[in-house]
Amino acid sequence: MIVKAIICGADCLFLFMKSKILPFFIVGCLLFTIVSFVAEKSDKSDFEAAKEIIIMREISNRVLRYTGDTTSTVLPINRLAENEFEIPFESSFTFKPDSLVRIIDRVISSNDLPRNYIVNVIECNTSKVIFGYAVLGVNQKNIVPCLGRQQPSKRYCINIKFEESSWISKHLYLLGLGLLGVGLIAFVAQRFRKTDLPAKEIIEEPSVNKATIKIGQYEFLPEELLLVFESEKIPLTIKEAKLLSIFASNLNQIVDRNRLQKEVWEDEGVIVGRSLDMFISKLRKKLEQDPAVKLTNIHGKGYKLEV
């Protein structure tokens, strides 16, 4: 299974190398890499960072109002990390965990902050965690212990830590670099393949038939890709000329369909049955001026050029 997967991947890469979209793919990967890298380095805009601080201050305000304190100052918020905040209070207060959970969740959910976060209520004098809980999003079970237990009046600070972005989302530029590397490898391989093609053709086909081949009233010039009927010159494509050369070497004989596909298309790494049918149809039309020449389909076997 692993070997088959590797072979399949190699075939896909080869077909991709032949694709005309390869240069656009490389440019797209380069732009994606640059944008992702810049986005990661810039992290959040100053506006978003300031907005988060304001939301934390609103949580502080709501907690003070819940405790009945309308005079204490909302102290400056401490940003401990990109995704972690500390909300201090200057006065002591008591609270029920149930109410604190609702207050914080309402503010966070109404301001489109991440829905996965952990809250710890810390006693300022001892730095001990008095109460803590975890909100794990809409599809997971939240962890909220100590509900219904009235906490003693002390001076607290609230620590809120949001879940960090996944490694992939934070390092998308690495994905872009990987795709860019694949594109560049395919591009270089394509360049080398194109460089090697002329030499390969010379080795495999050292002597192209320069003589004129008679097919009924037609004259076939393989090297010039021409079919001449009386004074009319009928141009042929490379594949049409290859097909006609095979038929001319096997007049009045059935030529197997697989052989035609193999000899005409195999060097391109892809064989398409409909392509063969299309070229046979085009070749048949170019030979129809001589009624003595017929290119017939032998069902289930192949084709025969009859003269």
Side-chain angles (χ1 to χ4, degrees), residues 35-174:
V35 171
S36 300
F37 183 77
V38 171
E40 188 208 356
K41 293 305 177 184
S42 61
D43 288 325
K44 297 172 183 168
S45 66
D46 292 340
F47 179 84
E48 288 296 322
K51 177 183 173 183
E52 290 174 345
I53 293 296
I54 292 174
I55 295 171
M56 295 302 113
R57 290 179 64 83
E58 176 60 16
I59 291 176
S60 177
N61 175 58
R62 295 279 186 95
V63 171
L64 288 173
R65 290 169 65 96
Y66 156 73
T67 61
D69 187 343
T70 58
T71 58
S72 294
T73 302
V74 175
L75 298 179
I77 305 299
N78 299 318
R79 183 187 287 270
L80 305 181
E82 181 185 341
N83 64 322
E84 186 175 2
F85 303 87
E86 183 183 73
I87 304 173
F89 296 89
E90 65 177 3
S91 301
S92 299
F93 63 89
T94 182
F95 67 93
K96 278 190 176 182
D98 315 56
S99 302
L100 188 66
V101 170
R102 285 195 296 270
I103 291 170
I104 294 175
D105 188 65
R106 285 173 185 170
V107 177
I108 289 177
S109 60
S110 63
N111 286 280
D112 299 323
L113 290 180
R115 295 297 296 135
N116 288 23
Y117 59 91
I118 293 175
V119 176
N120 282 308
V121 181
I122 301 170
E123 184 183 349
C124 295
N125 294 334
T126 62
S127 298
K128 293 182 179 179
V129 176
I130 302 302
F131 167 67
Y133 66 94
V135 175
L136 304 177
V138 294
N139 296 322
Q140 301 184 60
K141 188 175 181 181
N142 297 332
I143 304 173
V144 188
C146 305
L147 292 178
R149 297 176 182 272
Q150 185 78 28
Q151 300 299 320
S153 178
K154 292 184 179 180
R155 184 166 169 263
Y156 299 110
C157 62
I158 299 175
N159 178 281
I160 302 178
K161 185 172 185 178
F162 296 95
E163 184 179 38
E164 292 186 18
S165 302
S166 67
W167 186 90
I168 293 178
S169 63
K170 289 192 68 178
H171 300 281
L172 279 176
Y173 73 94
L174 294 179

Please tell me if the side chains of Glu163 and Arg115 come closer than 4.5 Å, counting only heavy atoms from C-beta onward.
-> no

Taking the side chain as every heavy atom from C-beta outward, state whether Val107 and Leu113 have any atom pair closer than 4.5 Å.
-> no

Side-chain donor or acceptor of Glu90 paired with backbone N/O of Thr73 under 3.5 Å = yes

Kindly compute the distance separating CG (Leu75) from SG (Cys157), expressed to the nearest 0.5 Å.
-> 10.5 Å

Could you label the plane-to-plane angle of the Phe95 and Phe131 rings as parallel, tilted or perpendicular, counting under 30° as parallel and over 60° as perpendicular?
-> tilted

Is the closest side-chain heavy-atom distance between Phe89 and Ser72 below 4.5 Å?
-> no

Using distance alone, with no hydrogens and no angle criterion, decide if Glu84 and Asn159 have a side-chain donor and acceptor under 3.5 Å apart.
-> yes

May I ask you to decide if Gly68's main-chain N or O and Arg65's side chain share a donor-acceptor pair within less than 3.5 Å?
-> no

Quick one: pull up CD in Glu52 and CD1 in Ile77 and give me the separation to the nearest 0.5 Å.
-> 12.0 Å

Nearest 0.5 Å, what's the OH-NZ distance between Tyr66 and Lys96?
-> 7.0 Å

Spatial distance of atom CD1 (Ile55) from atom OG (Ser60) [nearest 0.5 Å] | 14.0 Å

Go through the steps to decide whether Val101 and Ile103 satisfy the test side chain to side chain contact (heavy atoms under 4.5 Å, CB included), and finish with yes or no.
-> CA-CA 6 Å; Val101 170; Ile103 291 170; over 6 Å; no

Would Ile118 and Tyr133 count as a side chain to side chain contact (heavy atoms under 4.5 Å, CB included) if you check the C-alpha gap in whole Å, the side-chain angles of each, and the deciding distance to 0.1 Å?
-> CA-CA 6 Å; Ile118 293 175; Tyr133 66 94; over 6 Å; no

Sidechain N-carboxylate O distance under 4.0 Å for Glu123, Lys154 | yes

May I have the step-by-step check of side chain to side chain contact (heavy atoms under 4.5 Å, CB included) for Val135 and Val119, ending in yes or no?
-> CA-CA 8 Å; Val135 175; Val119 176; over 6 Å; no

For Glu82 and Arg79, which heavy atoms make the closest approach, and how far apart are they?
-> O-NH1, 3.0 Å

Under the side chain to side chain contact (heavy atoms under 4.5 Å, CB included) criterion, do Asn78 and Phe85 qualify, and how do the steps go?
-> CA-CA 6 Å; Asn78 299 318; Phe85 303 87; over 6 Å; no

Could you point out which residue of Thr94, Ile130, Asn125, Ile122 forms a side-chain contact (heavy atoms from CB on, under 4.5 Å) with Tyr156?
-> Ile130

Do the non-hydrogen side-chain atoms of Glu86 and Ile158 ever get within less than 4.5 Å of each other?
-> no

Asn116 side chain reached by Phe162 side chain, heavy atoms, under 4.5 Å = no

Any side-chain heavy-atom pair from Ile59 and Ile108 closer than 4.5 angstrom?
-> yes

Nearest heavy-atom neighbours spanning Met56 and Ile160 | SD-CD1, 4.0 Å

Do you see a donor-acceptor pair shorter than 3.5 Å between the side chains of Ser92 and Ser153?
-> no

Would you say Phe93 and Asp69 make side-chain contact, with heavy atoms under 4.5 Å?
-> no

For residues Tyr117 and Ile104, determine if any side-chain heavy atom of one lies less than 4.5 Å from a side-chain heavy atom of the other.
-> yes

